[in-house]
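All remarks here apply to the structure that follows.
So that the names make sense, note that chain A is the first sequence line, chain B the second, and so on, each numbered from 1. Scope of the values below: all heavy atoms of this structure, side chains included, with no hydrogens, waters or symmetry mates.
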Amino acid sequence: MPAATRPPHFVEQIVEADIAAGRWDLGRAESAGGTCMRTRFPPEPNGYLHVGHAKSICLNYALAMKYGGRFNLRFDDTNPAKEEQEYVDSIVRDMRWLTSAFGGSFDSGPHAGGLYFASDYFGFMYACACDLIGKGLAYVCELSAAEVGERRGSVGVPATSPFRDRPPAESLKLFDEMRRGEHADGRMTLRARIDLESPNFNLRDPVMYRIVREHHHNTGGAWCIYPMYDWAHGLEDSLERVTHSVCTLEFENHRPLYDWFVRAVNQGRRAGVLRTSEGGALADRSGQSAAPTSTGADWPPSAEVWHSQQIEFAKLQLTYTVLSKRNMLKMVSSGIVRGWDDPRMPTLSGMRRRGYTPGAIRALCEDVGVTKVDSVIDLVRLENALRDDLNRAAPRAMGVLRPLELLVENWPVSPDGKPVVDMLDFVVNPERPGAGTRKVPFDGRLLIERDDFMETAGADFFRLAIGQEVRLRWAYFVTPTRVDKDASGAVTRVICTYDPATRGGDAPHGPDGKPVRKVRGTVHWISAAHGVPAEVRLYERLFAAEFPGQATGNWMDDLAPSSLEVVSAVVEPLLTQGEVGATFQLERLGYFCVDPDSGPARDVAARKLVLNRAVTLKDGAKGAAGALASTKPASGAGPSGKTYSFGQTAHTLKLSKERLGEVLVSLGMAAAPEKLTQAEFDKVRKHVTGR
RNA sequence: AGGGGAAUAGUGUAACGGUAGCACAACUGACUCUGACUCAGUUAGCCUAGGUUCAAAUCCUAGUUCCCCUGCCA
């Protein structure tokens, strides 16, 4: 269903109800009139953004766009041990790139909310923490990390801390010493005084501050104590006046904490004018900047702070994909891939390099919807989203991945002894007639795809074979007559004749206007004299298993043996002029993208063209005759069962042939075991595995 | 054991007491100067068991299954 006509998802329903109820009165605080809501994306700069983050970014940005709100990018940089400037830079770059699909960004366009750093709020957070201590809601605890672990208790057994009832004045003094660096790392922490018996372990007096002596990318060495996520996050949202703080499902257990901290800060504060999520009042901030700074340490002095609403949704997961930062880091550091931007990586940087468009990623995110159901999306849907986008946008070109010589023996020769060069019209994009045509040279000495020729064709092979007439795309009909072979018997050259009456690739028409001669296959080609060499990198999915690690518990066990194949291709010279990142379709092969390794486009002469295959075209061929675009192995029996391929997805049925026969009989199915349809396969699997 | 969530075709996702739809995948076929695109059709679903109701995917009760939670990570 098109996004425009789809009913609102559950987050949108919440927002709409809030707007209808006038719950968030941002109008007073925001000079940019009419803003009734605000969202944010809060990455920790400890890794690269990936396609999972894209769903969150698209959700938050789309919400701001739909409801006339704003969208913030905020770095949740409260742990200097893991965070780096490199990640900040990459995230900013990737954010701008992705949100360009919405025509704006966090810092441009009508929905720009701004760029923020949690570390800019450390002063304010520190002041609030002191306030909590004064109210008896927090205390300095001198238990070591190990001791806290031992004393955390269990279900039905409360946690303990001997420091829980320390007088506020004493905690205040120690907390100040912590801040000034008078205590060693890990020596003590500030803990919230909540409930040591809570069945929700997050509430068993969680740590608010720890001592960490690490260089911070933003604050340098200004601090040696750092706030924990739960303490910091609600205040970050509060200061930025985020209305709907959208996060993933695993934070549901943290929501009580999120709310507790904001209430704790507000306890005893003066009620203000703006309404909060709880229907109470918030400080009148007219005149206050929407962008708080570190100088706001004691602001607001005595008024309640904004209480954002946390909402959880199910994150995006993909089959054949590993998305945890920890595991992705391992792929990078152990050399499984060439870097964070390796085109096989599900990072936004990797996808951009591979040829993915922001629009395709946005389309996928909108297509899968927003719910609280823990779900895994078929990777083919991502690929389809790209195909869909590029089919409309990408210009067409020709190139051969595995060249085989094709000689047109009756092609005319000009008086100087050289073959005639015929400049033919090539349609730039059939989906966009307005894109027009361009000229391609044809001189009778060509290169074709090795897979497009078979000496003897079966009934389902439409391409070149001895005696089988085929169309060369936009050129002529040709009929192979014979081949040359090398000593090993391999075909080295195909010789054919052409029909001058078919120039442009049109079939001759009879008097009734109908084609008198039809041809089943159309094949791409390139003039051997005019083509240029290109290194083409063909990617397969990194993992062979639908759910990496499911079988053995170790995702590394499911790494595909080979996910990169490099071929020496010959492509149209036009492509050497393509800018880095330019995408186009190589007809009948797939969509390709100019890799940065090619060097800049302005230096055409010195350029070594490198192309990435972003995605193949769908292969609709029945039977074994297809698979030109795909390099996937054909289905066959494995050691532990039989593997069936449906489209691009392989499924294995771990069943003996005999047992499979029995199952088919018991299900009353007449299907041949060698050729199950997906529906039949699913039925069998359900019968055997119960799911 | 305790707490927090979620269950609708193979995969996702609608329905908000009133005919279980849609997308993707699969399968047929049509069209086609890309075995692409496009178009038409087919297969296939409410976790289970009770209850309320004229009527239940929806409300109630009891189960079942799956996910998250005992970092000084986020």
| query | Of the nucleotides B/A36, B/C73, B/G35, which has the atom closest to the A/N79 side chain? | reply | B/C73
| said: Looking at A/T371, I'd like to know whether one of its side-chain N or O atoms comes within less than 4.0 Å of OP1 or OP2 on B/U13. | reply: yes
| query | When the P atoms of B/A15 and B/A7 are considered, how many whole Å apart are they? | reply | 12 Å
| query | Can you find a donor-acceptor pair, distance only, under 3.5 Å between A/H254 side chain and B/A74 base? | reply | yes
| Is there a side-chain contact (heavy atoms from CB on, under 4.5 Å) between A/M328 and A/Y48 once you walk through the steps? | CA-CA 9 Å; A/M328 290 188 0; A/Y48 277 61; 5.5 Å; no
| query | Distance check: side-chain N/O of A/N200 vs OP1/OP2 of B/G2, anything under 4.0 Å? | reply | no
| request: Record whether the side chain of A/N253 comes under 3.5 Å of the base of B/C68 through a donor-acceptor pair of N or O atoms. | output: yes
| Which one is paired to B/G50, where only Watson-Crick or G-U wobble pairs with both distances under 3.5 angstrom count? | B/C60
| request: Ignoring the backbone of A/F201, work out which of B/C72, B/G2, B/G12 is nearest its side chain. | output: B/G2
| query | Would you call A/R588 and A/V523 a side-chain contact if the rule is heavy atoms closer than 4.5 Å? | reply | yes
| Candidates B/A36, B/G71, B/A14 - which lies nearest the side chain of A/M228 | B/G71
| remark: By the Watson-Crick or G-U definition, both distances under 3.5 Å, B/A20 is matched with none
| query | Is the distance from OP1 or OP2 of B/G71 to the nearest side-chain N or O of A/R152 less than 4.0 Å? | reply | yes
| query | Below 4.0 angstrom from OP1 or OP2 of B/C37, is there any side-chain N or O of A/K618? | reply | yes
| query | Does A/R396 make a side-chain N or O approach to OP1 or OP2 of B/A36 shorter than 4.0 Å? | reply | no
| query | Would B/G12 be called syn or anti, given that syn covers angles within 90° of 0? | reply | anti
| query | Looking at side-chain heavy atoms only, is the closest gap between A/R151 and A/V148 below 4.5 Å? | reply | no
| task | Classify the side chain of A/R463 and the base of B/G35 as holding, or not holding, a donor-acceptor pair under 3.5 Å. | result | yes
| message | Can you work out whether A/D185 or A/H9 has the more 5'-proximal nearest nucleotide on RNA chain B? | response | A/H9
| task | List the atom of A/A118, the atom of A/T78, and the distance in Å for their closest heavy-atom pair. | result | CB-CG2, 4.2 Å
| said: When you measure from the side-chain N and O atoms of A/T78 to the phosphate of B/A74, is any distance below 4.0 Å, counting only OP1 and OP2? | reply: yes
| message | Taking atom CZ as the centre, does A/R520 end up with more than 12 heavy-atom neighbours from other residues, nucleotides or ligands that are less than 6.0 angstrom away? | response | no
| request: Between B/A44 and B/U28, how far apart are the C1' atoms? Round to whole Å, please. | output: 15 Å
| query | How many angstroms lie between CE in A/M178 and CZ in A/R210, if you round to the nearest 0.5 Å? | reply | 10.5 Å
| Who does B/G29 pair with, Watson-Crick or G-U, both distances under 3.5 Å? | B/C39
| said: Counting only side-chain heavy atoms from C-beta out, which of B/A14, B/A6, B/A74 sits nearest to A/R210? | reply: B/A74
| message | At less than 4.0 Å, is any side-chain N or O atom of A/R588 found next to OP1 or OP2 of B/G35? Yes or no. | response | yes
| note | Taking for A/Q585 and for A/L249 the nucleotide of RNA chain B with the nearest heavy atom, the one nearer the 5' end belongs to A/L249
| task | Could you tell me which nucleotide pairs with B/A6 by Watson-Crick or G-U wobble geometry, both distances under 3.5 Å, or answer none if nothing does? | result | B/U65
